Amino acid sequence: MKKFTNPETSAAAAGGKKRRREEEEEEVGCSHVANGDQCFSLQDELAFSDTSVALRMMRAQFPRVYQAASVPPFILQSQLYSSVNDRTQVDRELEGLRRDKVVRVFKLNTGQDDHAIIFLDDYLNQVDRIAKRMEDKNQSDSEIFKWFKEHVLDSKIEPNISHDELGTLLSLGGKVEDAHITLLINAGLLTRQLIDPNMYWFSIPSIGKLCKALLQGRKELLSLLKRRRHKEMFLAVLEKKRLRYSPLDMRFHIRDLIGSRHLKTFQTTSGLVVRISTD
């Protein structure tokens, strides 16, 4: 005789298996790392005392998937806040690095307080690649990239610039025409501000897909934790999970959300726990 299964019993059994699987994941820690691989916990990288050291470490760990896609490694300012406890110190040291022309800070369109930090040498190399690509295409007016690099970027360290000041600085290299400005905009080096068309943001070429990935990764990570019991997870387990909708790795997003105070951490006898912030 054919046996009929009680749907409620099956659902309860499935739910029990899912809970047991989640509990086992929380106990795994680094035990599932392949033999021969080293396990470096993000917990060890959330307590730097120097902003410059934190920047260089995060630059080295920038997701490789985009290093070959003409986007230079960048660090979010929120990520610095997650790694250096004193936010005032971060702001002060970052300002010093900016004034010393070690880094440039860019406003992102992903949030009011979102800023990307790029080492100046990396950004200048990106400008050079764009200029070379234009020259290879026999693009006229390609000299504008040299003027932009030598006269604008070298003297203007703020994240924005007015139309008049841009024209004045570019004219140090030669006669400036509207086509030159258009070329810089089309290359992704400048973005016209919506609230004031006479102002431009300095921008990072080809970063559009990464901005989308940043937003999707934030949403996915928060959704993942919201589904957990107590809306929390051990950091050692969380940092090894893969995101479906963002090519940026989990560590990138964890640092960002801790620094922006969407997530908080606390120490337990079993390890560091990450929890959704309710403050």
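Values in this document were obtained by computation on a predicted structure and should not be read as measured data.
- Residues R92 and T88 bring no donor and acceptor atom of their side chains to less than 3.5 Å of each other.
- With hydrogens and angles left out, the side-chain atoms of R255 and Q61 include a donor and acceptor closer than 3.5 Å.
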Residue pair L169, F148: steps toward the side chain to side chain contact (heavy atoms under 4.5 Å, CB included) verdict: CA-CA 8 Å; L169 292 175; F148 182 74; over 6 Å; no
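- In the hydrophobic clustering of ILVMFWY residues, with side-chain heavy atoms under 4.5 Å counting as a link, L120 and I157 come out apart.
- The ring pair (Phe, Tyr, Trp, His ring centres under 6.0 Å) test applied to F119 returns no partner, not counting sequence neighbours.
- Looking at heavy atoms from C-beta onward, L224 lies in side-chain contact with K241 at the 4.5 angstrom threshold.
- The two residues L263 and L221 make their nearest non-hydrogen contact at CD1-CD2, 4.3 Å.
- In the hydrophobic clustering of ILVMFWY residues, with side-chain heavy atoms under 4.5 Å counting as a link, Y245 and L248 come out apart.
- Remark: the backbone N or O of S142 is not paired with any side-chain donor or acceptor of E135 at under 3.5 angstrom.
- Counting only distance, with no hydrogens or angles, the side chain of S171 and the backbone of G174 share no donor-acceptor pair below 3.5 Å.
- Side-chain atoms of F62 and M58, non-hydrogen and from C-beta on, never get closer than 4.5 Å to each other.
- Counting non-hydrogen atoms of other residues, nucleotides and ligands closer than 6.0 Å to CG of N186 gives a total above 12.
- Summarising the geometry, atom NZ belonging to K156 is positioned 9.5 Å from atom CZ belonging to R104; distances are rounded to the nearest 0.5 Å.
- In this structure, the side chain of R87 engages the main chain of G259 through a donor-acceptor pair within 3.5 Å.
- A donor-acceptor pair under 3.5 Å is formed between the side chain of D50 and the backbone N or O of S52.
- With values rounded to the nearest 0.5 angstrom, I181 atom CD1 is found 6.0 Å from I144 atom CD1.
- With contacts defined as side-chain heavy-atom distances shorter than 4.5 Å, the pair L243/M250 qualifies.
- In terms of heavy atoms, P205 sits closest to Y123 at CD-CE1, 4.2 Å.
- From S78, atom OG reaches atom CG of L257 across 7.5 Å, with rounding to the nearest 0.5 Å.
- H253 NE2 to L222 CG: the interatomic distance, rounded to the nearest 0.5 Å, is 10.5 Å.
- Side-chain contact between M233 and V273 is absent, with no heavy atoms from C-beta onward closer than 4.5 Å.
- Side-chain contact between N160 and Q193 is present, with at least one heavy-atom pair separated by less than 4.5 Å.
- A centroid separation of 6.0 Å or more is found between the aromatic rings of F106 and F202.
- To the nearest 0.5 Å, atoms NZ (K264) and CD (E232) are separated by 9.5 Å.
- A pairwise comparison of heavy atoms in H115 and V105 identifies CB-CG1, 3.9 Å as the closest pair.
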Test salt bridge (charged side-chain N to carboxylate O under 4.0 Å, His left out) on R98 and E95 and set out the steps. CA-CA 5 Å; R98 189 174 68 89; E95 177 64 15; 2.8 Å; yes
Give the C-alpha distance, both sets of side-chain angles, the deciding distance and a yes or no for side chain to side chain contact (heavy atoms under 4.5 Å, CB included) between I254 and E239. CA-CA 8 Å; I254 292 174; E239 66 178 311; 4.1 Å; yes
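- For D114 (side chain) and G111 (main-chain N/O), a donor-acceptor pair under 3.5 Å exists by modelled atom type.
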Hey, mind stepping through D122 and R59 against salt bridge (charged side-chain N to carboxylate O under 4.0 Å, His left out) and telling me if it holds? CA-CA 10 Å; D122 290 337; R59 179 193 180 280; 2.7 Å; yes
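- Listed for the T168 side chain is a donor-acceptor partner under 3.5 Å among the backbone atoms of D164.
- The two residues A213 and P247 come nearest to each other via the heavy atoms CB-CD, 3.6 Å.
- In this view, N109 and C211 satisfy the side-chain contact (heavy atoms from CB on, under 4.5 Å) rule, not counting sequence neighbours.
- Between the side chains of D91 and Y81, at least one donor N or O sits under 3.5 Å from an acceptor N or O.
- Between P63 and F252 the shortest heavy-atom distance is CD-CD1, 4.1 Å.
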CA sep, side-chain torsions, deciding dist, call: L214, L76, side chain to side chain contact (heavy atoms under 4.5 Å, CB included): CA-CA 10 Å; L214 177 59; L76 299 176; 3.8 Å; yes
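- Relative to the ring axis of Y200, R192 does not place its NZ or CZ within 45° and under 6.0 Å from the centre.
- Put simply, the side chain of T51 never gets that close to the backbone of L94: no donor and acceptor are under 3.5 Å apart.
- Linking Ile, Leu, Val, Met, Phe, Trp and Tyr residues whenever their side-chain heavy atoms come within less than 4.5 Å leaves L210 and L215 in two separate clusters.
- Remark: the backbone N or O of E177 is paired with a side-chain donor or acceptor of H180 at under 3.5 angstrom.
- Annotation for R261: atom CZ does not count as buried by contact number, only 12 or fewer foreign heavy atoms lying within 6.0 Å.
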Check against side chain to side chain contact (heavy atoms under 4.5 Å, CB included), S155 and H151: CA-CA 6 Å; S155 59; H151 302 298; 5.7 Å; no
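- Remark: of the listed residues H262, R218, Q79, R218 is the sole one forming a side-chain hydrogen bond (donor to acceptor under 3.5 Å, both in side chains) with D256.
- Here the straight-line distance linking atom CD of E143 with atom CG of L170 works out to 10.5 Å at 0.5 Å rounding.
- Within a 6.0 Å radius of NZ in K231, no more than 12 heavy atoms belonging to other residues, nucleotides or ligands are found.
- Within the 4.5 Å cutoff, the side chain of V103 has no heavy atoms near those of the I118 side chain.
- Salt-bridge annotation for R244 and E220: absent, with no side-chain N of the basic residue lying under 4.0 Å from a carboxylate O of the acidic one.
- A salt bridge links K149 to D128: one of the charged nitrogens lies within less than 4.0 Å of a carboxylate oxygen.
- Considering only heavy atoms from C-beta on, V102 stays 4.5 Å or farther from L55 through its side chain.
- In this structure, Q112 places its CD atom where only 12 or fewer heavy-atom neighbours from other residues, nucleotides or ligands lie under 6.0 Å away.
- Across S246 and G217, no two heavy atoms sit closer than the pair CB-CA, 3.7 Å.
- Taken together through direct or relayed side-chain contacts under 4.5 Å among Ile, Leu, Val, Met, Phe, Trp and Tyr, V152 and W201 form parts of separate hydrophobic clusters.
- Transitive grouping of hydrophobic side chains (ILVMFWY, heavy atoms separated by less than 4.5 Å) keeps L184 and M199 in distinct clusters.
- Taking the side chain as every heavy atom from C-beta outward, I207 and L108 approach each other to under 4.5 Å.
- Between the K101 side chain and the D154 main chain, a donor and an acceptor come within less than 3.5 Å of each other.
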